[in-house]
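This report concerns only the one structure given below.
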Amino acid sequence: MSSKYFDILLPVPTDGVYTYRSAQALLSGQRVLVPFGSKRSLAGICLKEAVKPEFDCKDITEVLDDAPCFSPAWLELLQRLADYYIAPLGATLHGVISQKILAAKPPEHHEAELCMQAKPEPVTLLAEQAAVAANIALDGYSTHLIQGITGSGKTEIYLDLMQKIMAKGKQTLYLVPEISLTPQLIDRLAARLGFKPLVYHSKLTDKRRNEAFWAWVRNEHPLLLGARSALFVPSEHIGLIIVDEEHESSFKQEETPSYHLRDMAVLYA
């Protein structure tokens with residue numbers, strides 16, 4: 001069987017696209033493990049098949065996925081993020097997904113699988129809340145700004161929308177500005193929805209983050225709660241993205257890529 005050549009995106013502080021040789025066909029969005037430099041191995045994402053270059057190429061060490069986990073829409077988001085903020089594509093990948101997550105193998109058993117813990121409580125909205133919820137379209141793309149001080153009832157509107165999205169078989173991505181907010185919010189969501197959300201942020205252990213990552217990718221859970229990095233956990237089943245307290249400065253990432261999460265959430269949607 002003749003060798004094929006593929007452009008692989010690596011999380012390095014350059015444009016990050018390098019050509020490697022493979023004995024098997026690959027699809028865009030699959031993760032691979034490749035040699036990089038004299039002693040390192042890195043996980044990367046296959047972008048496309050390439051024409052055989054004039055220089056010698058190294059072989060792909062291992063194909064980590066049977067099927068792509070990064071969709072064309074996700075790869076487009078990454079490219080547009082890099083273009084908009086004038087950041088190298090490789091550095092952009094490095095800034096949104098850790099190498100440990102990118103290289104990790106999917107767990108065979110997910111402790112984060114959906115488990116109904118209680119009977120969901122019905123969401124009853126006040127007239128003003130119901131009027132806001134009724135104006136939010138859940139079919140196709142639309143963007144809405146809900147204004148209200150802390151404690152004014154925005155979360156009840158979110159819960160109403162989440163339940164409607166879950167009834168459609170879609171996922172909700174719920175982004176919050178501070179990790180410290182998540183424990184009390186987890187309890188509130190669990191009490192109202194009947195199950196705990198998946199949680200994804202940088203302070204979790206590698207094992208917990210990997211479990212949440214793959215449970216979300218595989219559409220095994222309808223709700224992911226997290227900080228900035230949760231936006232970049234891939235899924236093709238997202239029906240609703242909530243950026244809570246979107247004005248908070250912690251939604252702005254300072255290191256490369258220096259992005260504003262609110263804007264990237266709108267672009268992704």
Okay, side chain of [X], backbone of [Y]: is any donor-acceptor separation there less than 3.5 Å?
| X | Y | value |
| --- | --- | --- |
| W216 | H221 | no |
| Q253 | R228 | no |
| S250 | E178 | no |
| D65 | R31 | yes |

- With sequence neighbours left out, write down each residue that passes side chain to side chain contact (heavy atoms under 4.5 Å, CB included) with H260, or none if nothing qualifies.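 Partners of H260 by the side chain to side chain contact (heavy atoms under 4.5 Å, CB included) criterion, ordered by chain and then number, come out as Y85, F251, K252, R262, D263.
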
Indicate yes or no: at least one non-hydrogen side-chain atom of [X] is less than 4.5 angstrom from one of [Y].
| X | Y | value |
| --- | --- | --- |
| E245 | K154 | yes |
| Y174 | L185 | yes |
| W74 | C69 | no |
| L93 | L10 | no |

Look at atom [atom1] of [X] and say whether more than 12 heavy atoms of other residues, nucleotides or ligands are closer to it than 6.0 Å.
| X | atom1 | answer |
| --- | --- | --- |
| E49 | CD | yes |
| E255 | CD | yes |
| K58 | NZ | yes |
| L145 | CG | yes |
| E236 | CD | no |

- Going by the angle between their ring planes, with limits at 30° and 60°, are F213 and Y200 parallel, tilted or perpendicular?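 The arrangement is tilted - the two ring planes meet at 30° to 60°.
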
Shortest non-hydrogen separation from [X] to [Y] and the atoms involved:
| X | Y | answer |
| --- | --- | --- |
| Q30 | P68 | CG-N, 3.7 Å |
| A212 | V199 | CB-O, 3.5 Å |
| L75 | S28 | CD1-OG, 3.5 Å |

- Nearest-0.5 Å distance, CG of residue L78 to CD1 of residue I97: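 One finds 8.0 Å between CG of L78 and CD1 of I97.
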
- Query: How many angstroms lie between CG in N135 and NE2 in H144, if you round to the nearest 0.5 Å?
  - Reply: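 Taking CG in N135 and NE2 in H144, the distance rounds to 8.0 Å.
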
- Message: Checking side chain to side chain contact (heavy atoms under 4.5 Å, CB included) between M166 and each of L193, L161, L223, which is the one that passes?
- Response: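 Among the candidates, only L193 passes.
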
